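Input: a single structure, listed below in C-alpha cells.
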Amino acid sequence: MLIVDDDPDVLEVFQDVLETKHYKVYPLLSPRYIFKTIKDFNPDLIILDIMLNGMDGRAVFKELRLNPETTQIPIIMASARYDENYITSQKYHPNDYLEKPFNMADLLQKVDALIEN
C-alpha cells in the first residue's frame with residue numbers, strides 16, 4: 001500500500017496503524033516520483049492526500065486515473081479541508097474518502113473493504 005502525504009507525522013500515523021494489521025506500507029512525502037514508486041512497489045491500494053506541499057492531490061489523482069497502468073489501483077483520498085460531498089462532485093471519483101483527522105477504525109474498515117475486493 002502506498003501512502004502519499006506531505007506531513008511526516010500524519011504519514012507515520014498512517015504507517016503505524018496499517019502495519020499493526022500487517023499491511024506492507026510504502027510512505028511517500030511527495031507525489032513527484034509516484035509513478036516510479038508505483039512501478040517499483042506495485043501497491044494494491046493508494047491513500048492520497050489532497051493538499052500536498054506545492055502540488056494538488058486532485059491533479060495527481062486524475063493522472064493516476066488517466067494512466068492505463070494505474071487506472072485500476074484503488075485510491076482513498078484524504079483531506080482535512082475538503083469534505084466527501086466535494087470529492088464526489090468531481091469528475092473523477094476515488095474509491096473512498098477519508099476525512100482528517102481520521103478515526104483509526106474507519107481507516108482500517110475502508111482499507112480492508114478495498115483490499116478484499
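The shown structure was predicted, so the numbers you read here are calculated from the model rather than taken from an experiment. Along the sequence shown, residues are numbered consecutively beginning with 1.
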### Query
Going through the checks in order, is the side-chain contact (heavy atoms from CB on, under 4.5 Å) test met by Leu18 and Ile47?
CA-CA 11 Å; Leu18 293 164; Ile47 298 176; 4.1 Å; yes
### Query
When hydrophobic residues are tied together by side-chain contacts of less than 4.5 Å, even through go-betweens, does Met55 share a cluster with Tyr33?
no
### Message
Going by side-chain contact (heavy atoms from CB on, under 4.5 Å), Pro31 matches just one of Leu52, Leu64, Asp56. Which one?
### Response
Leu52
### Query
So how far is it from Ile38 CD1 to Ile73 CD1, rounded to the nearest 0.5 Å?
4.5 Å
### Message
Quick check for you: to the nearest 0.5 Å, what is the distance between Ile75 atom CD1 and Gln72 atom CD?
### Response
10.5 Å
### Query
According to the interplanar angle, ranging from 0 to 90°, do the rings of Phe41 and Tyr26 count as parallel (below 30°), tilted (30 to 60°) or perpendicular (above 60°)?
tilted
### Task
Please report the C-alpha distance between Phe102 and Val13 in whole Å, then the side-chain angles of each, then the deciding distance to 0.1 Å, and finally whether the side-chain contact (heavy atoms from CB on, under 4.5 Å) criterion is met.
CA-CA 10 Å; Phe102 59 87; Val13 170; 3.9 Å; yes
### Crowding at CG, Asn53 (>12 non-hydrogen neighbours, <6.0 Å)
no
### Task
Please report the C-alpha distance between Lys24 and Glu19 in whole Å, then the side-chain angles of each, then the deciding distance to 0.1 Å, and finally whether the side-chain contact (heavy atoms from CB on, under 4.5 Å) criterion is met.
CA-CA 6 Å; Lys24 188 176 177 190; Glu19 285 179 347; over 6 Å; no
### Euclidean distance, Glu63 CD relative to Phe35 CZ, rounded to 0.5 Å
5.0 Å
### Task
May I have the step-by-step check of side-chain contact (heavy atoms from CB on, under 4.5 Å) for Leu66 and Thr71, ending in yes or no?
CA-CA 6 Å; Leu66 293 175; Thr71 191; over 6 Å; no
### Partner of Lys100 under salt bridge (charged side-chain N to carboxylate O under 4.0 Å, His left out), chosen from Asp49, Asp9, Asp7
Asp49
### Message
Walk me through whether Asp106 and Lys110 qualify under salt bridge (Lys or Arg N to Asp or Glu O under 4.0 Å).
### Response
CA-CA 6 Å; Asp106 286 347; Lys110 291 172 187 287; over 6 Å; no
